[in-house]
Amino acid sequence: MSSGSGADNGHAKEAALYEQQLSKIGQVRAALGKLSGKSALYCSDGSVARYLIARNWDVKKATKMLMKTLKWRSEYKPDEIRWDDISDEAATGKIYRSDYFDKSGRSILVMRPSCQNTKKAKGQVRYLVYCMENAILNLPPGQDQMVWLIDFAGFGMSHLSLHVTKLTADVLQGHYPERLGVAILYNAPRVFESFWKMASPILEPKTRNKVKFVYPDNPETDKIMEDLFNMDELECAFGGRSQATFNINDYAARMREDDNKMPLFWSPENSALASEPYLMKNYGSQQCSSGLKTEETALDKIEETENVSEKSEESESTSEEKEETEVASEERGQTEILSEKRRETETGPVKDETETRSEKKEETESSTVKLTTSKGEGITSSDKGASSSDP
């Protein structure tokens with residue numbers, strides 16, 4: 001077979017796969033029914049494809065996931081959050097969108113956990129959602145993913161929150177599937193490693209695989225940064241050559257400008273949003289579930305694990321209650337035994353004196369007497385050293 005015919009066959013297979021995927025996008029759209037307003041704008045081919053990819057092209061699961069997002073967006077209204085609603089969260093620069101992109105044209109969200117300035121998880125997640133929406137708003141045509149650049153300078157145990165991490169994972173994986181291209185964890189300290197072991201199971205394998213640990217002065221990880229970013233634009237805190245730093249006033253001005261763009265972005269006139277195509281090249285050779293590759297998604301496994309965990313907790317709770325009952329019963333039994341022993345101790349001497357007097361009287365009447373124990377066994381006076389309380 002010539003190389004030309006091999007290439008033709010490859011293109012034919014890819015074209016057939018692409019048609020199959022477009023068919024599945026149509027099936028999801030049909031399952032959703034007629035949509036209107038922002039929901040109709042949201043469910044472009046590109047958007048529907050992201051949910052299918054997140055669910056390994058399983059139409060039923062992708063539809064269910066997408067319907068949850070549409071409900072969440074209608075209630076949470078993420079596109080209506082404005083700078084003035086979350087500016088207090090942003091004051092320290094704990095999360096912000098950089099004014100440059102990576103080499104692939106992806107928006108960059110810079111995160112600094114050590115700059116955490118609030119306590120309530122609800123506000124922190126709301127600010128993250130605002131940043132996600134802003135990052136999407138600023139994506140160039142043909143690009144639909146972003147980069148997270150996480151700086152661990154000054155990081156300590158007080159900045160850890162498994163609860164917030166779980167909420168963040170739920171929002172990212174449940175309502176922004178395939179939006180994260182890569183997450184760079186820059187110079188993470190050892191204290192974070194144990195936390196990562198606890199937190200990483202919360203993430204789907206696809207998401208975990210996008211997480212890259214990068215350390216300064218490490219040739220292997222330096223290459224990761226050089227491949228992703230223009231080093232002249234990248235901040236020096238991440239090994240780049242730019243001396244730019246976060247300025248809250250400048251950033252607030254940028255965000256307010258973006259806030260003014262958001263209504264137009266979600267208006268019916270924005271045909272670009274509604275007609276966002278599914279570009280197979282964005283995701284590589286993604287496979288459909290119909291005869292090509294079928295896998296149960298990790299998020300479903302996580303949900304099953306949570307259900308099992310809940311049942312396990314209920315079982316453990318029942319076991320604990322049972323154990324507490326048994327312990328209490330045992331303690332009562334021990335108390336009764338001690339009480340009984342106490343009574344025996346108190347009554348024992350009186351009983352011995354009475355028996356001694358009786359024995360002396362019987363000895364006077366007869367030199368040899370037969371004593372009867374509680375079992376009815378006979379003993380002679382020579383055996384009367386045995387305790388009369390023997391069972």
Side-chain angles (χ1 to χ4, degrees), residues 90 92-116 124-125 127-132 134-136 138-140 143-156 159-161 164-166 168-169 171-173 176-246 251 282-284:
T92 58
K94 63 184 178 186
I95 306 178
Y96 62 90
R97 181 179 62 80
S98 69
D99 58 0
Y100 58 92
F101 299 84
D102 80 336
K103 289 182 177 179
S104 298
R106 295 177 292 195
S107 296
I108 300 170
L109 288 183
V110 177
M111 302 180 177
R112 291 192 163 94
S114 64
C115 294
Q116 182 58 261
Q124 293 171 18
V125 172
Y127 179 50
L128 173 65
V129 168
Y130 173 82
C131 293
M132 294 288 290
N134 181 269
I136 293 168
N138 285 277
L139 287 170
Q143 182 54 264
D144 62 354
Q145 293 187 320
M146 66 188 72
V147 174
W148 285 10
L149 194 49
I150 307 173
D151 179 13
F152 280 88
F155 182 85
H159 304 119
L160 296 174
S161 173
V164 174
T165 300
K166 185 180 185 306
T168 299
V171 169
L172 175 66
Q173 296 177 156
Y176 295 94
E178 297 301 318
R179 284 298 194 180
L180 180 65
V182 61
I184 301 296
L185 277 58
Y186 193 81
N187 203 21
R190 287 193 174 185
V191 69
F192 182 78
E193 292 178 6
S194 57
F195 177 76
W196 176 248
K197 290 179 181 178
M198 292 189 298
S200 58
I202 296 172
L203 304 176
E204 297 180 33
K206 285 181 181 179
T207 305
R208 284 202 300 270
N209 292 336
K210 294 175 181 178
V211 176
K212 308 296 180 186
F213 285 81
V214 174
Y215 299 93
D217 302 322
N218 183 313
E220 291 183 7
T221 57
D222 282 348
K223 188 174 187 308
I224 293 176
M225 302 300 280
E226 292 169 0
D227 289 346
L228 286 173
F229 306 102
N230 182 328
M231 302 307 285
D232 289 330
E233 296 177 333
L234 185 66
E235 297 169 46
C236 58
F238 297 104
R241 291 185 282 272
S242 174
Q243 298 298 317
T245 58
F246 177 77
Y251 191 66
N282 285 359
Y283 307 96

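Start at 1 with the first residue, then count along the sequence.
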Original post:
Quick check: does any side chain N or O of Asn209 sit under 3.5 Å from a backbone N or O of Pro205, one acting as donor and the other as acceptor?
Top reply: yes

**OP:** Name all residues meeting the salt bridge (charged side-chain N to carboxylate O under 4.0 Å, His left out) criterion together with Lys223; count only those two or more places apart in sequence or in a different chain, and write none if there are none.
**Re:** Asp227

Original post:
Hey, does Phe213 have a side-chain heavy atom less than 4.5 Å from the side chain of Val211?
Top reply: yes

Original post:
Does Ala135 offer a backbone N or O that forms a donor-acceptor pair with the side chain of Ser107 under 3.5 Å?
Top reply: yes

Original post:
Which pairs count as salt bridge (Lys or Arg N to Asp or Glu O under 4.0 Å) when at least one residue sits in residues 183-202, sequence neighbours excluded?
Top reply: none

Subject >> Ser242 side chain reached by Leu234 side chain, heavy atoms, under 4.5 Å >> reply: no

Original post:
Residues in side-chain contact (heavy atoms from CB on, under 4.5 Å) with Ser114, at least two apart?
Top reply: His159

Original post:
Are the side chains of Ile184 and Met225 in touch, meaning some heavy atoms are under 4.5 Å apart?
Top reply: yes

Original post:
Mind checking what makes side-chain contact (heavy atoms from CB on, under 4.5 Å) contact with Ala169, not counting sequence neighbours?
Top reply: Gln173, Ile202, Leu203

Subject >> Pairwise side-chain contact, Phe101 with Arg106, heavy-atom cut-off 4.5 Å (strictly under) >> reply: no

Original post:
Between Glu226 and Lys103, is there a salt bridge with N-O shorter than 4.0 Å?
Top reply: no

Subject >> Minimum heavy-atom distance Ala188-Tyr215, with the two atoms named >> reply: O-CE2, 3.4 Å

**OP:** Check whether any side-chain heavy atom of Phe229 sits under 4.5 Å from a side-chain heavy atom of Leu149, and report yes or no.
**Re:** yes

Original post:
Taking all atoms of both residues into account, what is the closest heavy-atom pair of Lys94 and Gln124, and its distance?
Top reply: NZ-CG, 4.0 Å

Subject >> Partner residues of Val191 under the side-chain contact (heavy atoms from CB on, under 4.5 Å) criterion, sequence neighbours left out >> reply: Phe155, Met157, Pro189

Subject >> Sequence-distant partners of Glu233, side-chain contact (heavy atoms from CB on, under 4.5 Å), two or more places apart >> reply: Tyr100, Asn230

Subject >> side chain to side chain contact (heavy atoms under 4.5 Å, CB included) assessment of Met146 paired with Leu109 >> reply: CA-CA 7 Å; Met146 66 188 72; Leu109 288 183; 4.0 Å; yes

**OP:** Can you measure from CZ (Arg97) to CG (Asn138) and round to the nearest 0.5 angstrom?
**Re:** 3.5 Å

Original post:
Tyr186: what forms a side-chain hydrogen bond (donor to acceptor under 3.5 Å, both in side chains) with it, not counting sequence neighbours?
Top reply: none

Original post:
How far does CD1 of Ile150 sit from CG of Leu185, to the nearest 0.5 angstrom?
Top reply: 4.5 Å

Original post:
Taking the side chain as C-beta and beyond, is there a heavy-atom pair between Val147 and Leu228 under 4.5 Å?
Top reply: no

**OP:** Can you sort out the partners of Arg241 under side-chain hydrogen bond (donor to acceptor under 3.5 Å, both in side chains), two or more places apart, ordered by chain and number?
**Re:** Asp232

**OP:** Using ring-ring contact (aromatic ring centres under 6.0 Å, His included) as the criterion, list what pairs up with Phe246, not counting sequence neighbours.
**Re:** Tyr96, Tyr251

Original post:
Should Ile95 and Leu128 be marked as a side chain to side chain contact (heavy atoms under 4.5 Å, CB included) after you check the CA-CA gap, both sets of side-chain angles, and the distance that decides it?
Top reply: CA-CA 8 Å; Ile95 306 178; Leu128 173 65; 4.2 Å; yes

Subject >> Test side-chain hydrogen bond (donor to acceptor under 3.5 Å, both in side chains) applied to Arg179 - qualifying residues, sequence neighbours left out >> reply: none

Subject >> Any Val182 side-chain heavy atom under 4.5 Å of Trp148 side chain >> reply: no

Subject >> Pairwise distance CZ(Phe238) to CG(Asn187) - rounded to 0.5 angstrom >> reply: 10.5 Å

**OP:** Show the numbers, then the answer: is there a side chain to side chain contact (heavy atoms under 4.5 Å, CB included) between Thr165 and Met198?
**Re:** CA-CA 10 Å; Thr165 300; Met198 292 189 298; over 6 Å; no

Subject >> By side-chain hydrogen bond (donor to acceptor under 3.5 Å, both in side chains) - contacts of Asp151 (at least two apart) >> reply: Arg112

Original post:
Between Leu180 and Gln145, what is the shortest heavy-atom contact and its length?
Top reply: O-NE2, 3.7 Å

